[in-house]
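Before any comments, here is the structure.
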Amino acid sequence: MKAIASSLASIVGEENAVCLWENLELSQQKHIQPAIASKNPPSCIVYPRTQEQLAAVIAETHRHNWRVLPCGSGSKLSWGGLAKGADVVVSTERINQLIEHAVGDLTVTVEAGMKFSRLQAILADSRQFLALDPTAVESATIGGIVATGDTGSLRQRYGSVRDQLLGITFVRADGQIAKAGGRVVKNVAGYDLMKLFTGSYGTLGIISQVTFRVYPLPELSSTVVLTGTAEAISQAVETLRGSALTPTAADLLSTQLISSLGLGKGLGLIARFQSISESVKEQSNRLLEVGQKLGLAGAIYTDGDEANLWQRLQEQMHSAATDSAITCKIGVLPTAAVEVLTQAEWGLIHIASGLGWLRLENQDRVLQIRDRCQANNGFLTILEAPAVVKQQIDVWGYKGNALPLMRRIKEQFDGKNILSPGRFVGGI
């Protein structure tokens with residue numbers, strides 16, 4: 001165990017850059033161990049400070065066939081499948097520099113360990129922002145967001161992580177540094193590895209640098225909340241979809257979520273409008289009128305009240321009330337979203353994509369709703385759950401025919417299967 005740490009310490013060379021497992025704080029051990037199927041803990045955690053150090057560390061693990069569990073700050077280590085053992089944890093959180101912010105071109109290039117919150121602060125100085133809204137906003141790193149494909153309600157207007165990536169640099173399983181894409185919006189250089197690496201959970205390589213498109217900060221923001229019966233909410237959603245209104249975020253909220261936020265009773269529809277002042281006010285009032293005609297209770301939130309509402313919404317959805325809670329990511333046809341949401345006390349589904357989150361309390365309920373999602377041409381994936389649940393239930397629940405192709409891709413990128421073994425679909 002100490003031999004691994006000693007070997008890697010000779011590469012990173014700095015004090016506190018390698019920490020033995022037994023020297024980690026108990027809280028950090030408890031955070032990492034549940035992400036690993038094996039009872040044997042990793043030997044150490046390594047913190048390279050540069051892309052070159054990261055590459056040298058991975059080259060060393062490749063030579064010795066040491067299994068690697070990559071992470072950023074570790075905020076999403078509990079997501080996905082359990083790793084089939086890990087000899088070393090490699091964190092990119094100290095590889096965190098701003099490389100380039102091309103203000104006029106609306107692009108930014110940063111190292112993977114930069115915190116999302118820090119990047120947004122940098123961009124805000126130029127009246128710009130990255131149009132993602134991941135979980136764990138304060139602690140999430142850019143690399144971790146890409147590796148897990150993590151974004152939320154803003155996908156209504158701006159799309160997913162894949163849609164905003166322009167370029168990526170990563171360290172291969174053999175320690176070689178590779179690049180794809182570029183630093184400009186119109187770029188067709190090389191294979192589209194950005195889409196392949198987004199949501200790959202560190203199984204294909206370790207992301208070291210990314211380039212995103214960014215957007216100007218809107219002049220004004222306003223949020224409309226409608227609550228009431230499932231039938232009326234469903235009609236409001238259909239009206240919104242067919243209208244000329246352009247929300248940046250629009251989600252269905254479950255009854256328990258609405259109640260916990262103090263927004264009323266029944267199902268809810270929350271829609272955010274961000275644009276010039278006149279447009280935001282007009283669109284907000286029009287949606288409120290739609291709700292009133294359908295007999296729905298409605299309210300408009302602005303300024304601090306609006307920011308507080310969205311913050312509380314994320315906290316309620318992603319802060320498990322009990323240790324046994326099971327957080328799931330789902331996808332269904334948008335037309336089936338209301339039907340599925342009525343089956344769960346805690347849930348949120350985007351009205352355009354049909355993607356969303358559910359929080360459930362037992363395995364049987366997970367399997368029941370997975371069957372319902374699949375019956376509606378959708379899916380249910382377990383993100384966070386007690387390790388015993390992940391050992392008993394297929395986390396991904398994948399029923400497609402692409403598994404052989406995925407395994408061939410894994411073989412091409414990581415033939416020794418040392419990167420996050422077992423975290424992805426089908427035990428990849």
With sequence neighbours excluded, give me every side chain to side chain donor-acceptor pair (under 3.5 Å) pair touching [range].
{"range": "residues 413-428", "answer": "N65-K416, K410-D414"}
{"range": "residues 229-239", "answer": "E238-R241"}
{"range": "residues 131-144", "answer": "D133-T151, T135-D150"}

Does S73 form a side chain to side chain donor-acceptor pair (under 3.5 Å) with E93? I'd like the steps, not just the answer. CA-CA 6 Å; S73 65; E93 69 175 347; 5.5 Å; no
Only pairs under 3.5 Å count here: list side-chain donor-acceptor contacts from residues 263-271, not counting sequence neighbours, and write none if there are none.
none

Side-chain donor-acceptor pair under 3.5 Å between [X] and [Y], yes or no?
{"X": "T248", "Y": "Q274", "answer": "yes"}
{"X": "D174", "Y": "H62", "answer": "no"}
{"X": "E111", "Y": "Q51", "answer": "no"}
{"X": "S43", "Y": "D87", "answer": "no"}

For [X] and [Y], which heavy atoms make the closest approach, and how far apart are they?
{"X": "L257", "Y": "G347", "value": "CD2-O, 3.4 Å"}
{"X": "T203", "Y": "I428", "value": "CG2-O, 3.9 Å"}
{"X": "A250", "Y": "L240", "value": "CB-CD2, 4.2 Å"}
{"X": "P34", "Y": "L82", "value": "O-CD2, 3.1 Å"}

Could you walk me through whether L196 and I409 pass side-chain contact (heavy atoms from CB on, under 4.5 Å), step by step? CA-CA 10 Å; L196 188 62; I409 291 172; 4.1 Å; yes
Kindly compute the distance separating [atom1] ([X]) from [atom2] ([Y]), expressed to the nearest 0.5 Å.
{"X": "R162", "Y": "T198", "atom1": "CZ", "atom2": "OG1", "result": "5.5 Å"}
{"X": "S117", "Y": "K115", "atom1": "OG", "atom2": "NZ", "result": "6.5 Å"}
{"X": "L132", "Y": "D163", "atom1": "CG", "atom2": "CG", "result": "10.0 Å"}

Quick one, [X] and [Y] - any side-chain contact, counting heavy atoms below 4.5 Å?
{"X": "M406", "Y": "V425", "value": "yes"}
{"X": "L220", "Y": "F273", "value": "no"}
{"X": "Q128", "Y": "L106", "value": "yes"}
{"X": "W21", "Y": "Q29", "value": "yes"}
{"X": "Q412", "Y": "L204", "value": "no"}
{"X": "H350", "Y": "L348", "value": "yes"}
{"X": "T50", "Y": "I95", "value": "no"}
{"X": "L419", "Y": "T61", "value": "no"}

Can you confirm whether or not the ring centre of Y158 sits under 6.0 Å from the ring centre of F129? yes
Taking the side chain from [X] and the backbone from [Y], do they hold a donor-acceptor pair closer than 3.5 Å?
{"X": "R359", "Y": "Q316", "result": "yes"}
{"X": "T148", "Y": "G144", "result": "yes"}
{"X": "R49", "Y": "R94", "result": "no"}
{"X": "K390", "Y": "E384", "result": "no"}

Could you check V225 against L309 for side-chain contact (heavy atoms from CB on, under 4.5 Å), going step by step and ending with a plain yes or no? CA-CA 10 Å; V225 177; L309 172 61; 3.9 Å; yes
Derivation of the side-chain contact (heavy atoms from CB on, under 4.5 Å) call for I351 and L252: CA-CA 7 Å; I351 70 167; L252 283 162; 4.0 Å; yes
Residues passing the side-chain hydrogen bond (donor to acceptor under 3.5 Å, both in side chains) test with Q368, sequence neighbours excluded, are R365
Using the test ring-ring contact (aromatic ring centres under 6.0 Å, His included), find all partners of [X] that sit at least two apart in sequence or belong to another chain.
{"X": "Y201", "value": "W396"}
{"X": "F379", "value": "none"}
{"X": "W310", "value": "none"}
{"X": "F197", "value": "F170, F413"}

Salt bridge check: are R272 and E306 linked by an N-O gap of less than 4.0 Å? yes
Side-chain donor-acceptor contacts of residues 329-346 below 3.5 Å, not counting sequence neighbours, with atom names and distances?
{"from": "E339", "atom 1": "OE2", "to": "R372", "atom 2": "NH1", "distance (Å)": "3.0"}
{"from": "T342", "atom 1": "OG1", "to": "V338", "atom 2": "O", "distance (Å)": "3.4"}
{"from": "T342", "atom 1": "OG1", "to": "E339", "atom 2": "O", "distance (Å)": "2.6"}

By the definition side-chain contact (heavy atoms from CB on, under 4.5 Å), identify the one residue from I207, I58, V57 that meets it with V171. I58
Ignoring hydrogens and angles, write down the donor-acceptor pairs under 3.5 Å from the side chains of residues 284-302, residues two or more places apart or on other chains.
{"from": "S284", "atom 1": "OG", "to": "S222", "atom 2": "OG", "distance (Å)": "3.2"}
{"from": "S284", "atom 1": "OG", "to": "V280", "atom 2": "O", "distance (Å)": "2.8"}
{"from": "N285", "atom 1": "ND2", "to": "K281", "atom 2": "O", "distance (Å)": "3.1"}

Keeping to residues at least two apart or across chains, list the ring-ring contact (aromatic ring centres under 6.0 Å, His included) pairs with something in residues 76-125. W79-W357
Just do the side-chain contact (heavy atoms from CB on, under 4.5 Å) check on Q97 and V110 with the steps written out, would you? CA-CA 6 Å; Q97 298 303 302; V110 298; over 6 Å; no
